[in-house]
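Numbers restart at 1 for each chain; the letters A, B, ... are given by sequence-line order, proteins then strands.
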Amino acid sequence: MFALCALGTLLVAAILQVTLFAASEDAVSRSMHYDVSWTGANGRIEAAQFEKFAARFAALGDEVDAEKARLFYEIILSRIETWDSGGFSELVLDRNPRQRARFEELRTLISSIAEDVDNLDQPKAQKKVLSVLEQAAPIIDRIGSDAHTIAVAEADIVRSELEQRQFHHRLVILALLAGAAALIGLVIRQNALMHRAKIAAEKNAKDFSYLARHDSLTGLPNRSALEEWFQTVFGSDQSHKLVAVYTLDLDGFKTINDLLGHPAGDKLLVSVSERLLKWAAKIDENCLVSRLGGDEFLILTELDHASSARSIAENLIEQFETPFDTEFGNMAVDATVGYAARWIGIDEYENLVLDADLALTEAKAGDKGRVLEFEPSMRSNLQRRQRIERDISKAVAIGDITPYYQLQIDLRSGRVFGVEALARWKHPEFGWISPAEFIPIAESCGDVVGLGRSILKQACYHASQLPEELKVSVNLSVVQLHDNQLIDEVKEILERSGLTPSRLTLEVTESVIISDTEAVVERLNQLKRLGVSIALDDFGTGYSALSYLTKFKWNELKIDRSFTEAARENPVNWTIIRGVRILAKDIGARVIAEGIETPEQEAKLANIGCDIGQGFLYSRPIPFNELLPVLRDIQMKPHAVLERC
Amino acid sequence: MNLKPKKLFVVLTTMFLAFAPLSSIANEEKVILTIDGEIAGSEPRYFTLKQLEALGMDTIVTTTPWHDGKQTFEGVPLVDLMEHVGASGDSAYVVALNNYSTEIPIEDFSKHGVILASRKNGQAMPVSNKGPLFVIYPYDSDKFLKTELYYTRSAWQVRTITIE
């Protein structure tokens, strides 16, 4: 817009310039009138000359004077002609009618003496010539002086026009200068803007690049910064270097998030990253701490000796012995570390990182300790896990994963109370896969909903074929419980199988109730309204916040097998079981004791008052086709199950 | 009028010699032009109308500030005249019958094709009509010729040319 105005100014100035130039041409043509003053004055001189020569001839009779007088008469005639044409006539004579009349009178006077001039030697002619000249002189004077006045006035007009033009020219030049200055200013401004934009763009690029390579929460470099670290450490050096990669994961971080909320979890992560940075600075100036996401950190350092890899890992774990101070209070959290350290070339760093990650996965999965070094066998474990992940959906679809049933016995009557359905998978290649292995895999890859639904469907169908008084328990995973389809699915399965809802018990673990308590309680109540019983599985392990018992009216508490198993060594466990029994009785829930392997345990638990018993004493988990004969035998011969299985 | 004594003498002599036959243009034998100054030979050159026109004539059709409308002038090109008299100076000092005088750079003659007009619209010019000789530039051919400078050089009633 500004540029357009400046250009407009230039254009207008140019047009004005052309117009003014045309106007000054007009002024030049006025110079045609240049000599009106001169020609007027000359007329007066010529008349005076004529009169002088005529008078001298009259007085002295010299013929030369007569000739001169005749010549000047001719010249005066010429002068009159000159006056009557061109610029003089236009400018002086035609200025007003009186002037024209005056001139005509002069012409008549001069013409009237033509003969007398020829006969100048006659006194009469001389007298007439002099007398006419006497009359003509004032007219010539008048016209001559008027011509001068007009010429001066004309010159004044031309001068003032020129001055005005000069003034306009100055304006045009000023406008041009202003326009040019404006354009230059604009260009400078544009340059400045572009320069600023360039700086801003560079800063943005830098910011974006920083954001892209750093974690926004902790400010630590993220995964994409790893390559940079390796590039820096290796430089252009092609030789191998001894590098250690540590991957670290906080234990139970999800629980902290669930219990205290994400802001608290975030503060913990920030606090952890600060401590890790301080620690890393002591390890090596080139030691890099990065956050891969969630609660997983990765630490890179160059080593002097391979043997120091382990001690650094242990030192790293020790950093978690002191609680972390956050604005949400002190938080104690443990960590698990997987690491890999060896001589590598620049092109092998990705494998080293993967290996450390694998070691961490192994460490988290098993109880092999909180620090685990990578071993090549972990790769085959990984392959097995990946294979399981890949095959699990298909196994569910074709019914390779089926429920096995373990008996639940009424400890008072010795009769069968019901069965618990447990998922079993016979893999065509790996053979039997433990649910402890494939269920976490199913949970992590999302197939657990389909798996749970399949087991529930089969279990209900099977149970509908069992004697009316027998119940069936099926496990429900956290993921299933959060699935909005759950209620409708359970309802539909019950209807299709024809199983009376009261015969179905759904078992959930404590971890289910920890996350999003209100929604989960609501979901459980919906299930209860269908007529289904709800059992709290693995009771007594984990966090075991007793407040859960007040938030939901459980139908059943299942005491974890570890209490029964440990009671042989430590009788306090019996006391705990007794306590749970009393608690359960007060809230109107049945108590099921798991892990019963001996008649002594059975007797003790019966004595304590537990309602139901479950364990190898009665049966291992068996497929449905084996279940019916076993049930028949037990009905006829209570307490004889052990021999059968 | 700013004549040096020597020139004044020449002018007066020429006037004297020329005056007797001046009253009649019809007399073609009458001397109407004198050229002196830096020319070939030590004597001034005198020309009658006939002699002048015999040198060859050019025609200029132009407007002037002193006539109404376009006029046709015929006369000897001054460049030819200068050659004819062997002029070797830089300027021509031109004096008219009414004692008007002007100085013209010689180079003007070739540069602008200036003529010493002896006829206007085919007719010889009497003194009463700015005759007998009139310095004419082709004013219409160049706007720079339509200026005071060239108008003042355009002497009429020319009687003497002194080459300096």
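- The OG atom of B:Ser128 sits 12.0 Å away from atom CD1 of A:Ile76, with the distance rounded to the nearest 0.5 Å.
- Atom CD of B:Glu83 has 12 or fewer neighbouring heavy atoms from other residues, nucleotides or ligands inside a 6.0 Å radius.
- In terms of heavy-atom proximity, B:Lys130 sits nearest to A:Glu81 at NZ-C, 4.3 Å.
- Here the straight-line distance linking atom CD of A:Gln49 with atom CG of B:Leu97 works out to 12.0 Å at 0.5 Å rounding.
- Pairing each heavy atom of B:Trp156 with each of A:Thr82, the nearest pair is CH2-CG2, 3.9 Å.
- Sparse packing is recorded around NE2 of A:His148, with 12 or fewer heavy atoms of other residues, nucleotides or ligands lying under 6.0 Å away.
- In the displayed structure, A:Glu115 atom CD is contacted under 6.0 Å by at most 12 heavy atoms of other residues, nucleotides or ligands.
- Under the 4.5 Å side-chain criterion, counting only non-hydrogen atoms from C-beta, B:Asn98 is in contact with A:Arg79.
- Under 3.5 Å, the side chains of B:Gln157 and A:Ser78 contain a donor-acceptor pair of N or O atoms.
- For A:Asn42, the part sitting under 4.5 Å from any heavy atom of chain B is the side chain, from C-beta outward, and nothing else.
- Heavy-atom neighbours of A:Glu134 CD from other residues, nucleotides or ligands within 6.0 Å: at or below the threshold of 12.
- The aromatic ring centres of A:Trp38 and B:Tyr151 sit 6.0 Å or more apart.
- Around the CG atom of A:Asp118, the shell of radius 6.0 Å holds more than 12 heavy atoms that belong to other residues, nucleotides or ligands.
- Rounded to the nearest 0.5 Å, atoms OG1 (A:Thr39) and OH (B:Tyr100) are 10.0 Å apart.
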